[in-house]
Amino acid sequence: MKAQLILLFITLVVGTATSVKDWWENGNFYQIYPRSFKDSDGDGIGDLNGVTEKLQYLKDIGITAAWLSPIFQSPMEDFGYDISDYYKIQEEYGTVDDFEKLLNKAKEIGIRIILDFVPNHTSDKHKWFQLSVAGHPYYRDFYIWENGTVNAETGERQPPNNWLGSFRYSAWEWNDQRQQYYLHQFGVMQPDLNYRNPAVVEEMKKVMRYWLGKGVSGFRIDAVPFLFEYIDENGKFPDEPVTTDPKCPDPDDYCHLQHIYTNNQPETFDMVYQWRELVDNWKKEHGGETKVLLTEAYTSFDNLMKLYGDGIRNGSHVPFNFEFLNTMNANSTAKDFRYQINRWLQTMPKGVYANWVLGNHDNKRLASRLGPARTDLLNILLQTLPGIAVTYNGEEIGMTDGPISWEDTVDPQGCNANPDNYNSYSRDPARTPFQWNSSKNAGFSSAPKTWLPTNDDYITKNVENQLSAPRSHLKIFAKALSLRHVPAFEEGDFKIKAPTNGILVYKREKTDSDCYVIVLNLGKQDKKINLDDFFNIGGGNVEVVTASIQSTLQDGEIVDSQDIIIEGSVGAIFKVIK
Ligand code: GLC
Ligand code: MG
């Protein structure tokens, strides 16, 4: 007993003494989709008490911070991304009290909580929008209103221009009461706020301060590229050019236009820098820990770099790096991965941290996109690259897209498609209930029916099974994650090679301390390798820290570094024994 306590004491002291990073700089950020995470009251919908109940699980697997998709009052037409009151918690998710309990529990066990901040649009049920419709003097210009035009031939009213909403069809909706069109870059029910109105900017800053005051550690900022629209010298919103991409012939489909006037305007970056100032000032004024911003922007690499800052002003701490999500598919080679990794690491501004994202609630699941056999390989990649890892709930157990019928689809992007093609649009398959155990509804809920059906594979694929199995996706994930706190991964350098199309290999090393080599076989064939062919590690034996579930390499096994077999789709981490 005494020996154990002494050991614990040593670990704690050494642990604090060696950590050179601020809490977020090398962290794993875990996205919780609250609606699908854990239902505590049996209504078939996940909720805050459910999240609170499961925070310890996140702690146990080593997560630093959880970012929650929106939990605010909402008609749920875009499942919380249509907010009708930024200061209230959606009833089916709980109360402000429940949220405070969640925060307290998180604080007690050492997990930071990040909220989703949705600044581009509100719900059309928001009081601001209703007052804007009614022409209230303060709210009149809270949204983007235009008269539209009249067709010379038919005499019919038509929208001011050709802009399209992300969920299909015109981005303009006629409002009878106001006798004008309003802009919505997403669904009809999501009117865009007018960021050229200083009162809007101030109201939204107030929202941020309110939740910072409750004790959250920062925000994931939604749909950043859409904040501002271009106005020409005549005060008009010009048409956007039609795409040259032959894959987008449908004039109602968002991809039919090149979004040069509705995305990434210069003012957008300035807004992000202002928000950064706000969170930095918060810390100056209130003390405490650093508050961080994570930004969601599907945009060019150059724009992502600009989101970090412009050299004078700072921006997002974590401009989500969607390059893997956007460019990698089941056929991507080791050289493709090396290119994306090096480009980010070598181009990012000084003094910032890289980040890597493999999934979220808007994309097909990792295992479905890149192949279930590569689940562990990809999780190992995410955990062992320099910087921040972002994990979508369920990826740690290798959840795949759930089969969702047309009848069961509720995502507006799916519903706006048709029974033949909805599957390529609907985001529901990646949002099925989290798989906790093999009992009814995957242990997610006791309800007769859950808001989205569970994926049948939960019977075998679930947290409980994976915690008790000698080897599992979850255990590999947690093992790889635990390395984030050793010197080689926290502060060591990074060298990467792609000797063949299939093999990606990199070294993490802190001189005079520790050294690791990670080998990822993206190919299907087994490969015999000699680690000394890639990096001079001096021959000898290495220890297998962990390896993909299907590999014959065992955690803790000592192997000859010059004679290793890496099976197809296998990833492995080796510790160099010095
Ligand atoms: C972001 C969200 C997505 C939502 C959209 C509109 O892309 O991640 O789920 O539909 O913004 O708010
Ligand atoms: Mg519930």
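Just so you know, these numbers come straight off a predicted model, no measurement behind them.
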Would you please test Phe72 and Tyr93 for ring pair (Phe, Tyr, Trp, His ring centres under 6.0 Å) and show each step? CA-CA 9 Å; Phe72 314 104; Tyr93 291 168; 9.7 Å; no
Set of side-chain contact (heavy atoms from CB on, under 4.5 Å) partners for Lys475, sequence neighbours left out: Ser472
Say whether Asn264 and Thr299, considering side chains only, have a donor N or O and an acceptor N or O under 3.5 Å apart. yes
Take Asn437 and Val463, measure what side-chain contact (heavy atoms from CB on, under 4.5 Å) needs, and give me the verdict at the end. CA-CA 6 Å; Asn437 57 43; Val463 167; over 6 Å; no
Is there a side-chain contact between Leu345 and Phe494 in this structure, where contact means two heavy atoms from C-beta onward sitting under 4.5 Å apart? yes
Just wondering, do Val216 and Phe99 contact through their side chains at under 4.5 Å, heavy atoms? yes
First locate atom CG of Leu103, then atom CD1 of Ile113, and finally report the distance between them rounded to the nearest 0.5 Å. 6.5 Å
Non-neighbouring partners of Tyr458 that pass ring pair (Phe, Tyr, Trp, His ring centres under 6.0 Å), sequence neighbours left out: none
Do Thr375 and Asn379 touch side chain to side chain, with heavy atoms closer than 4.5 Å? yes
Check the pair Trp344, Phe301 against ring pair (Phe, Tyr, Trp, His ring centres under 6.0 Å), reporting the backbone distance first and the verdict last. CA-CA 8 Å; Trp344 194 282; Phe301 180 81; 5.7 Å; yes
Does the side chain of Phe477 come within less than 4.5 Å of Glu395's, by heavy atoms? no
When the aromatic ring centroids of Phe117 and Trp67 are compared, is their separation below 6.0 Å? no
Any chance the rings of Trp436 and Phe434 have centres within less than 6.0 Å? yes
Nearest 0.5 Å, please: how far is CG in Leu55 from CD1 in Ile111? 6.0 Å
Test: Lys306 cationic atom under 6.0 Å from Phe269 six-membered ring centre, within 45° of axis: yes
Gap between atom CG of Leu378 and atom CZ of Arg369 - 0.5 Å precision: 8.5 Å
Pairwise side-chain contact, Tyr273 with Asp310, heavy-atom cut-off 4.5 Å (strictly under): yes
Looking at Gln525, I want to see if its CD is surrounded by more than 12 non-hydrogen atoms of other residues, nucleotides or ligands under 6.0 Å. no
Test of ring centre spacing under 6.0 Å for Phe324 and Phe337: yes
Contact between Val576 and Glu509 at the side-chain level, heavy atoms closer than 4.5 Å - yes or no? no
So, do Phe79 and Trp451 have ring centers that fall under 6.0 Å from each other? yes
Could you tell me the separation between the CG atom of Leu483 and the NZ atom of Lys575, rounded to the nearest 0.5 Å? 9.0 Å
Side-chain ion pair, Asp376 and Arg374, N-O less than 4.0 Å: no
Mind listing the side-chain donor-acceptor pairs of residues 25-32 below 3.5 Å, one per line with the distance, residues two or more places apart or on another chain?
{"from": "Glu25", "atom 1": "OE1", "to": "Asp22", "atom 2": "N", "distance (Å)": "3.0"}
{"from": "Glu25", "atom 1": "OE1", "to": "Tyr353", "atom 2": "OH", "distance (Å)": "3.2"}
{"from": "Asn26", "atom 1": "ND2", "to": "Arg484", "atom 2": "O", "distance (Å)": "2.6"}
{"from": "Asn28", "atom 1": "ND2", "to": "Gln383", "atom 2": "OE1", "distance (Å)": "3.1"}
{"from": "Asn28", "atom 1": "ND2", "to": "Thr391", "atom 2": "OG1", "distance (Å)": "3.4"}
{"from": "Tyr30", "atom 1": "OH", "to": "Glu396", "atom 2": "OE2", "distance (Å)": "2.7"}
{"from": "Gln31", "atom 1": "NE2", "to": "Ser69", "atom 2": "OG", "distance (Å)": "3.1"}
{"from": "Gln31", "atom 1": "NE2", "to": "His361", "atom 2": "ND1", "distance (Å)": "2.9"}

Do the side-chain N and O atoms of Glu289 and Ser217 include a donor-acceptor pair separated by under 3.5 angstrom? no
Evaluate the side-chain proximity of Asn530 to Asp563: yes if any heavy-atom separation is below 4.5 Å, no if none is. no
Salt bridge check, Asp456 against Lys461: does any charged N sit closer than 4.0 Å to a carboxylate O? no
Hey, are Thr290 and Lys283 close enough side-chain-wise for a donor-acceptor pair under 3.5 Å? yes
Between Asp336 and Thr333: side-chain donor-acceptor atoms closer than 3.5 Å: yes
Student check: side-chain heavy atoms of Ile63 and Leu481 closer than 4.5 Å: yes
OG1-NZ distance between Thr384 and Lys507, expressed to the nearest 0.5 angstrom: 15.0 Å
Asp457 and Gln435: side-chain donor and acceptor closer than 3.5 Å? yes
Under a plain distance cut-off of 3.5 Å, with no hydrogens placed, do Asp47 and Ser40 share a side-chain donor-acceptor pair? yes
Can you measure from NZ (Lys107) to CG (Leu102) and round to the nearest 0.5 angstrom? 13.5 Å
Pair Glu323 + Arg343: basic N to acidic O under 4.0 Å: yes
Among side-chain atoms of Tyr298 and Asn363, is any donor-acceptor pair under 3.5 angstrom? yes
For the residue pair Phe574 and Tyr516, is the inter-centroid distance of their aromatic rings smaller than 6.0 Å? no
If the threshold is 4.0 Å, N to carboxylate O, is there a salt bridge linking Arg313 and Glu277? yes
